[in-house]
Asker: 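Once you've had a glance at the structure underneath, I'll fire off some questions.
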Amino acid sequence: MAFSQSNDTEKQCADIINKTDILSEEIISKKINKKYNIIIFDKIDSTNNYAKNTNNSDLKIPTIIIANEQTSGRGRVGKTFFSPKDTGLYMSIVFSPEKKINELDLLTITAAVSVCEAIINTTSLPAKIKWVNDIFIENKKICGILTEAVNNYQTGKVDKLIIGIGVNVNNPHNEFPENIADTASAINSPNTDRNNLCAEIVNLFDKYYSENNREKIIEKYKKYSLVINKRIKYTKNNKEYYAIVKNINNSGNLEVINDDNTEETLKSGEISIIPIVE
Ligand code: BTN
């Protein structure tokens, strides 16, 4: 029994490694409900950089830019995003918003809900959202989202929005750089096909963005939240706080009660979840 179980595991790992889900514009465009220009690079510095630095007239907005590998993948707050070849989905959804900038406060939350739900729909794995917009499976980060806006200073409007999404799809031996080795993981499901996952993310994002239903998106965000009722640590004005997360409000802010019983509403920043030791 033990012998056959380990054989099964080895076979599953080999299947994951040998999977050839080659990124395909044709497959993705057939699965996407709305018309998008799709650009796929085998290797690029960063799909978000490409989206930012290319003129709108050359991009044919709306566009999805995808890479099989990124040499300078970027994360939030100046961090890098590890983007090795063949094993991840690195994509930027680029569009010009009709909404005003003050109506876009739930954009990142909408993206997080769409990516989380797309992973659940395509893998059946219990993906969760760690505030604000990291996706976790079993307490490890498998996806990050970097939303950027390019402003037109002449018109005062947002010229284009870039939703950069990086999903670690296959990394069965957890080969990550040392600084993220303890916190990062990958989907590692033989069912995951990057073309399918990409199309599902785009379709859900389009749906939720155009519905523009604040209550629905916040309800879903709360449903997938990894942090409600969890003990967390955060830093404010160079001071460290420990708190329990009580709620996520209608603006997507985190309502917490600090250990000294004071209440705080967090609008942005990084939090760490503190495991409860029994
Ligand atoms: C984070 O974890 O802080 C966000 C990571 C975002 C990574 C994606 S991969 C596609 C796009 N291009 C980039 O350079 N970054 C985003």
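The structure presented is a predicted model; accordingly, all values stated were derived computationally and were not measured. Remember, it's 1-based here, ligands and their atoms both numbered in the order they're listed.
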Asker: Is the shortest distance from a Lys or Arg side-chain nitrogen in K223 or E219 to a carboxylate oxygen in the other one below 4.0 Å?
Answerer: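 Between E219 and K223 there is no salt bridge, as every charged N stays at least 4.0 Å from the carboxylate O atoms.
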Asker: If you measure from the Lys or Arg side-chain nitrogens to the Asp or Glu carboxylate oxygens, is any gap between E264 and K236 under 4.0 Å?
Answerer: yes
Asker: Please report the closest heavy-atom contact between Y234 and A243, naming both atoms and the distance.
Answerer: CE2-CB, 4.0 Å
Asker: What are the distances between nitrogen or oxygen atoms of ligand 1 and protein nitrogen or oxygen atoms, counting only those under 3.5 Å?
Answerer:
{"residue": "ligand 1", "atom": "2 (O)", "partner": "K141", "partner atom": "NZ", "Å": "2.6"}
{"residue": "ligand 1", "atom": "3 (O)", "partner": "R76", "partner atom": "N", "Å": "2.7"}
{"residue": "ligand 1", "atom": "12 (N)", "partner": "T47", "partner atom": "OG1", "Å": "3.1"}
{"residue": "ligand 1", "atom": "12 (N)", "partner": "Q70", "partner atom": "OE1", "Å": "3.0"}
{"residue": "ligand 1", "atom": "14 (O)", "partner": "S46", "partner atom": "OG", "Å": "2.7"}
{"residue": "ligand 1", "atom": "14 (O)", "partner": "R74", "partner atom": "N", "Å": "2.7"}
{"residue": "ligand 1", "atom": "15 (N)", "partner": "R74", "partner atom": "O", "Å": "2.7"}

Asker: May I ask you to say whether K233 pairs ionically with E270, meaning some side-chain N is under 4.0 Å from a carboxylate O?
Answerer: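 No, K233 and E270 are not salt-bridged.
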Asker: Salt-bridged, D182 to K140, with N to O below 4.0 Å?
Answerer: no
Asker: Between F95 and Y36, does a ring-ring contact (aromatic ring centres under 6.0 Å, His included) hold up when you go through it step by step?
Answerer: CA-CA 10 Å; F95 63 103; Y36 271 96; 8.3 Å; no
